[in-house]
Amino acid sequence: MTWLSDLFQQPWLLVLALLLPAAAVALLVVGARRRRARLARLGTPEMIARLAPSAPSARGSGTRAALLGGALLFAGVAFAGPRWGLEHTVVRGQGIDMVLALDASLSMEARDERPSRLERMKQEVRRLRAESQGDRVALVAFAGRSYILTPLTVDDGALELFLDNLDPSVVGQAGSSLARAIRQGTDLLLSTKTGSDRALVVMSDGEAFEPVEDVTAAAQHAAESGIALVTVGFGTPQGATIPIKSGDSTTVKRDDQGNVVVTHYTPDLLRAAAQTANGTFVDAAETDKATKIRRALLRLRGQTRAVETGQDRTPRFQLFLIPAVLLLLLDTFLAARRRRPGDRAAAAAAVAEGGAGNVPRRAPTPVMGAAATAGAKGAAALMLAVSLAAAVALVPPRTARADDVGDAVQAFRAKQYARAAALYRRAIDKGDRSPETLYNFGTALLAADSLRSAAEALEKASSA
């Protein structure tokens, strides 16, 4: 069934391609037999031929069964949604240039935010990226020094790859230098020609051992260069120990005297940088950081870009729907020819030749022929309506990406709960608000220890 699922959007509807033609042929055969029986009760075949030349006969039944059966066969295949060949989904929208400077120091491994400060920061980055489809984004990782992970790009795959592998080993130098991160992000934005506005988003726990003057000087340079600065905090003032993984065991970080190191969320430098640049500071206590970041950037002027959001197989239902309609039109045309206007004149001449004594006063056969004609027209109209409904139903929506939910399921099974929650959130933002998707989103948030957000999502799912 895998190859059927690849070739058909709804392969289970292929059964209609077998049942509908069989049902049509059976109905035509039964109808022809009943008409012949009714005509036989009126008189001999010779008399019926003289009185009603246009009465239905068995001569065209086989042709009509073949035409209607073929039309229903093609319509049944069209209903199943045949598709082959890949097509890319491109969305055009306004976007800015944005650098995300992410703190990858060892203190971000602290677990005063669940599952850790680092993982919580990654969750917010994915949510921000899902809400910023038209933006070009670059990633900068920093600790004691800063490194450019990706240049400005709209490639979600590349961004996701570097984000998944972001950890303290990427930078390798202890400490946190906010000033270096701001300068690196500013230089990266200024080195790229663009017609859109620029923004620098710095995400950190704020625990940096450097003079506040260095940080504010870097922030002032960013503001003078026309770059909007947003600083985002992570962690708690109470702090937490720093886990150190060594093989299969995990210990806590200690200083040179053997004392356990406790890292604390320190917002002073982050707040000072934002104030100096007339930017925005998002405190660690905020629960929906991505939305607040996006709201702070809405005033920036974007540039129109075409962003590829995915690819899918090209629908081919029209290749089967068109032959179905043509066969119906051909059947209607042949039925009209079988009921030529001259038939009534022939019937009148036959009545005149037979004499009044040999002809019944009321011959119901022409009425029966008219009923059969009306039935044929009704069947043709019904098939045309069904075919048009199939055309409308099988056109896939162009704005939603069907792969999001499937990728989310795979990520959840791989225990990548944060990624699964981000993919479910993207599907919800694009219009998929089914109870199943809302429930799975809440479950993924719960597995990722985002308890408050999970409670909100599960409440929406229960009321959906």
Taking the six-membered ring for Trp and the full ring for Phe, Tyr or His, determine whether the centres of F234 and Y265 are under 6.0 Å apart.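 Judged by ring-centre distance (under 6.0 Å), F234 and Y265 do not meet the cut-off.
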
State the [atom1]-[atom2] distance between [X] and [Y], to the nearest 0.5 angstrom.
X    : Y    : atom1 : atom2 : value
K122 : D164 : NZ    : CG    : 6.5 Å
L20  : L68  : CG    : CG    : 11.5 Å
L67  : L334 : CG    : CG    : 6.0 Å
I227 : D187 : CD1   : CG    : 8.5 Å
L423 : Q410 : CG    : CD    : 10.0 Å
R254 : T241 : CZ    : OG1   : 10.0 Å

Intermediate values then yes/no, side chain to side chain contact (heavy atoms under 4.5 Å, CB included), N165 and V170: CA-CA 8 Å; N165 294 300; V170 171; 5.7 Å; no

If only side-chain N and O atoms count, and only distance matters, is there a donor-acceptor pair under 3.5 Å linking [Y] with [X]?
X    : Y    : result
T266 : D268 : no
T186 : S225 : no
R294 : S132 : yes
R117 : T263 : yes
E210 : S177 : yes
S169 : D167 : yes
Q123 : E119 : no
Y424 : R426 : no
T153 : T150 : no

L326 vs I322, side chain to side chain contact (heavy atoms under 4.5 Å, CB included): CA-CA, chis, key distance, verdict: CA-CA 6 Å; L326 292 178; I322 292 174; 4.1 Å; yes

Given the rule in the salt bridge (Lys or Arg N to Asp or Glu O under 4.0 Å) test, do R198 and D97 qualify, once you have shown the distances and angles that lead to the verdict? CA-CA 5 Å; R198 304 176 175 94; D97 287 345; 5.4 Å; no

Determine whether V201 and V232 satisfy the following criterion, side chain to side chain contact (heavy atoms under 4.5 Å, CB included), listing intermediate values before the conclusion. CA-CA 7 Å; V201 180; V232 186; 4.1 Å; yes

Does the side chain of [Y] come within less than 4.5 Å of [X]'s, by heavy atoms?
X    : Y    : answer
V202 : I182 : yes
Q238 : D112 : no
L269 : V212 : yes
L139 : I148 : no
T250 : I244 : no
E131 : I293 : no
F74  : L327 : yes
V125 : L100 : yes

Between the side chain of [X] and the main-chain N/O of [Y], is any donor-acceptor distance below 3.5 Å?
X    : Y    : result
K289 : V282 : no
S105 : A143 : no
S249 : K245 : no
D283 : E286 : no
T192 : L189 : no

Between [X] and [Y] (salt bridge meaning N to carboxylate O under 4.0 Å), is one present in this structure?
X    : Y    : result
R425 : D429 : yes
R129 : E160 : no
E113 : R120 : yes
R126 : D156 : no

Pi-cation contact, F281 with K292 (under 6.0 Å, within 45°):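 No, K292 does not lie over the aromatic ring of F281.
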
Taking all heavy atoms of [X] and all of [Y], pick out the closest pair and write down the distance.
X    : Y    : answer
I242 : L106 : CG2-O, 3.4 Å
R145 : V171 : O-CG1, 3.5 Å
A228 : R299 : CB-NH2, 4.5 Å
D135 : V154 : O-CG1, 3.6 Å
L166 : L118 : O-CD2, 3.6 Å
M121 : M108 : SD-CE, 3.9 Å

Apply the test salt bridge (Lys or Arg N to Asp or Glu O under 4.0 Å) to residues D288 and R127: give CA-CA distance (whole Å), side-chain angles for both, the deciding distance (0.1 Å), then the verdict. CA-CA 10 Å; D288 195 1; R127 290 184 55 206; 2.4 Å; yes

Whether over 12 other heavy atoms sit under 6.0 Å from R111 CZ: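 No, because the 6.0 Å sphere around CZ of R111 holds 12 heavy atoms or fewer from other groups.
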
Could you walk me through whether S176 and F209 pass the side chain to side chain contact (heavy atoms under 4.5 Å, CB included) test, one step at a time? CA-CA 7 Å; S176 294; F209 302 100; over 6 Å; no

